[in-house]
Each structure stands twice: as C-alpha cells, then as structure tokens.
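Below is one structure, written out as structure tokens, with a few remarks after it.
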Amino acid sequence: MAVDDSDTDADTGAADRPQIDIDRVSKVYDPEEEAVTALDGVDFAVEDGEFVCIVGPSGCGKSTLFRIIAGLTDPSGGEVRVAGDPVSGPGPDRGMVFQDDALFPWRTAYRNVTYGLEEVGPPEGETVEGRARRCLELVGLGEFADSYPKTLSGGQRQRVGIARALAVDPPILLMDEPFASLDERTKTSLHTELLDIWTETGKTILFVTHDVEEAVYLADRVVVLTERPGSVAEIVDVGLERPRDRTSDPFVAVKRRVLEHFQD
Amino acid sequence: MSGRTERTYEYVLGSGVDLDDARDFAAQAGALVAFVVVWWLGALVSPPQILPAPPAVAAVLVQDVTSGEVFGLTYQSLLHYVPGLLIGSALGMLAGVAVGWSRLAELTVGTVAQVLRPIPPLAWIPFGIIWFGLNHGGAAFLVSVVTFWITYYSAEGGVRGVDTELLEVAQSLGTTSDLGLIRRVVVPGAAPSLFTGFRTAAGQAWMVMVAAELVGAPGIGRHLWDAANFLSTDTVIAYMLVIGVLFLLTDRLILLVQRRVLTWQ
C-alpha cells in the first residue's frame, strides 16, 4: 500500500479524497504568556481502509494530535477533515479507544456496547441487541456480557472498549495507546485480534503509540513525529506481508529505520 | 491494616462472621458495657435529676414503648423529617449538579451559595416560623436547610469527579446535548457521591430534630425538650436513645438501597 502524501490538498472529487486529511495542523498552548508549540504544521492523509500508526518520542504531541483528530481539542492552525468535512467536535463517525479503557463503570460489558446504539440506533437491518452481541463476539467476550468493568481484566476491558467503538459502525477507529498498560502476552494477542477485526470490517484505523515495534507490526504506514514541536519527520511505508514476523530481518530493518528518528 | 476497618464495618452490617469479626465484636461489646458501667457508677453518686441511672431510663423506654407513645412521637417527627429531607436533598442535588457542571451556574448559584453558606442553620428558625408557621411546616423548613447544604456540596464534588474521558467517549458515541450528558454520564457517574450525601443528610436531619421542633412542631425532639423543662432527665436520656436508634435505622436502610442500586461499585 504505497500511498505518498502529495494528495493532502486541493482534492476535488469525493472518490479520491482521503478519509482523514490532516492539513497543516498546529497547536500552541497558552499563547499569551510562555507559548508552547506542541504541534507545528503536521500534514498527512489517511486513505479509506488504511491502518496508520503515529509514533514519536514522549512529549512530541501525538496525544494532542489524537485529540484534535477526535475533535476534543481545537487546532491553533490548519484543520482536520474527515471525508472532506472539517472536524468540529467528537462524533459517531470516529470511534475512540483510550489507553485506560474509559468504560462506563456503572454499565455491564453488554450495556457499554449498547450505549452508542441507544443514541444513534443500530446499523441498517440490525437490532440493538443483535448488534451488541455480535460486537462482543467479535472481540471474544460473548460470555462476559453481564460483567461489570471492575470484574474484567485489563485486556478484557480494552476489548469491550473496542467493541463499544465498533458497535455504531464508524468508518474510522481512533486509538490512543490502547494497549500501553497491558502485559506483553495480552498485547500480542490483541494485536492479532485487532488486525483480524480490521480485515473483517475494513475500518480505517489511526493508532497512536510510543511502541515502535507495535507500530511496525500493525500499520500499513508509520507516521513518525519529531520531538516538540511535533511535525512529521518521516512517513515510513512498512510494506511487509501479514502476519508479520517480529524477528525477521526486513521487520527489524523497518523498525531500525523508524527508531533512527528517536536518536539525537 | 486497612482491611480490618472494612471488616469491622461489614460486621456492624450483620454479614459475615470469622475470627477477626469475633474479636472485633468482643471489643465493641466490651466498650459498650464499660460505658454503661461508668454511667451507672456516676448515677450512684449523683441525684437522679443530674444523672438518672440506666434502670430509670430503661423503665421510661419500656413504658413508652408499651403505651405506643414512642411510635406516636416518631410518626409526628416523620411528618416533617421526610418532607424536609426529600425537599432539601432534591434542591441540594439539583443545585450541586448544576454548579458542578456549568460554569454559568457556578458563577451565579455558586456565588449566592457562598454568601449563604456561613449562616448557621439554626439562625433560620425565625424565618421557619414566620414563613411556614409554628408547626410541621416550620420544622420541615429547618430540616431542608440542613440537608440542602450537605447534598449540595457532595453533588458538586461528585459531578466534578466524573472522569472527563467518559464524557468524551459519550460524545463520540452520539450524546451531544448537555442534558443528555448529565442524564447518561454525569448523574450515574456521580451517583456514589449523591448517595453518600443523601445518607449523611438523613443522619444530620435526625441530629437537628430537637432544634427543628423548637418551632413548635410536635415530635420526639419537642418531647425531649419538654421533659428537660420538667427536669425529667430519665425521659431526656430515653429519647436521646430513641433518636440514636432512628438514626441508625435510617442509615442502614439507605445503605441497603445504595448497595442494591450501585452493584457496579
């Protein structure tokens, strides 16, 4: 999937529009006193159905970028367009998965998944119950439908979070370090599951992480941000067949190439 | 050993028995017995009006329970306790949620609240009488003043404590209006604080019963006060105990409901 990033601007027909267009996005905090530039002209696009990871050293503003794309923070300059429309707030076209799951603790796994369905209704031809059950099955938690979040493990909670985001069938899934607090084994199995879900549903996934190996394992392309102020250092085309072997020479080579940007 | 306090608490609620519980129970029972013994010894060396002995108090209790007077007085007190608690808590929670949620409410309602807050609740007694009369109305007013503040602050704190990520997720899942967010995220998220505030308020409402009934409403507090005027100190102590029991009953009842409703905690 070699997509170069020269098509970020001035698109005309809807067909060749990128799904997510991050157009020279900047963010300056506290502009009156000591201004801190978190993001400086970040510019790239994500195609429909693509899996893109954003990596960068801590403090590079990748979480800020995530929040801007999600519509939770306004950029100071530039804009983000989703399917051609400028983002002005969070919405059901972009499902969100956070690092600390952010499940509603007063709702069971099943009722967490139905939350969005209660708001926007199930997708065409499906019922709320059928859809919710199917999404829980998809993440392998069918039998935990009636469990409250506090009784679930970290990995299970993240799975519920993914099912909840998928339930309203958003074309885009935004994930902010969703597996960062999980142990290695759980993380690895969730990587496989996420790729299966991605293949099955054809979602566009934008995945923020500080874990370079995770990014190279998952993504079609890896967007590497520079240290503060964050801007795009390089967009690395992974170009390896899936499932990927984390120890293979080509994999390590791509990983090394990304890591080069982390060294000063 | 933080776990021990928790277990002691469980014991008081009457669930679960193990060795630790048995030891805790022995300590509690021992303390109560020692308390009564000290009281009794004190009563032996004082005139009965200064400190009546436990048997005298027990006699009053037995007599008033058999005659049904305790229940009649409790009923009278409930006639202003319940409406006062419900109205005060409802208004307190409403104002607290609003101030915790909206900047505008914080600047308006919150500011007025800060001015009114330092007024001792008992200072409202004259207005309780003038506005609502020397009856249940005036007493209910005082109870609602006391319960308003408790529920107001716990609701405000509870709302501020709701995880902002939950609000963001809710927005991404299609909850757009303020009212929707309050109903579907803020109130359930703040529910533990709302319950705790209500429980504290229900307890405090009993604590102020004597003062509230000074406005002329009949009930336990009034009865206690009349007894004091006749120096019937045995009756005074008897009704102190009655208020204590009512407090405990109310508290346990609300806790029971809380555990039913907030199973997710």
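So that the names make sense, note that chain A is the first sequence line, chain B the second, and so on, each numbered from 1. Not measured: the values here are computed from a predicted model.
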Best-contacting candidate, A:Asp100, A:Leu174, A:Thr108, against chain B by heavy atom pairs under 4.5 angstrom:
A:Asp100

Nearest heavy atoms of B:Val169 and A:Ala102, plus distance in Å:
CG2-CB, 3.9 Å

Side chain B:Arg184, main chain A:Tyr115, donor-acceptor under 3.5 Å:
yes

When rounded to the nearest 0.5 angstrom, what distance separates CH2 in B:Trp264 from CZ in A:Arg107?
12.0 Å

Least distance between heavy atoms, B:Leu166 atom then A:Leu103 atom
CD2-O, 3.3 Å

Please flag which part of B:Ala170 lies under 4.5 Å from any non-hydrogen atom of chain A: side chain, backbone, both or neither.
both

Report yes if some heavy atom in the side chain of A:Phe104 is under 4.5 Å from a heavy atom in the side chain of B:Val185; otherwise report no.
yes

When only pairs under 4.5 Å are counted, which of A:Gly71, A:Gly91, A:Pro170 shares the most heavy-atom pairs with chain B?
A:Gly91

Which answer fits A:Leu117, side chain, backbone, both or neither, if we ask what part of it has an atom under 4.5 Å from a heavy atom of chain B?
neither

Would you say B:Ser172 and A:Leu72 make side-chain contact, with heavy atoms under 4.5 Å?
no

Taking every non-hydrogen pair under 4.5 Å, which of B:Thr175, B:Asp163, B:Thr263, B:Thr176 racks up the most with chain A?
B:Thr175

Would you mind checking which part of A:Arg67 comes under 4.5 Å of any heavy atom in chain B, side chain (CB onward), backbone (N, CA, C, O), both or neither?
side chain

Where do A:Met96 and B:Glu165 land on the side chain to side chain contact (heavy atoms under 4.5 Å, CB included) test, with the steps shown first?
CA-CA 10 Å; A:Met96 294 197 297; B:Glu165 256 181 17; over 6 Å; no

Return the minimal non-hydrogen interatomic distance between B:Gly174 and A:Val120, and the atom names on each side.
CA-CG1, 4.2 Å

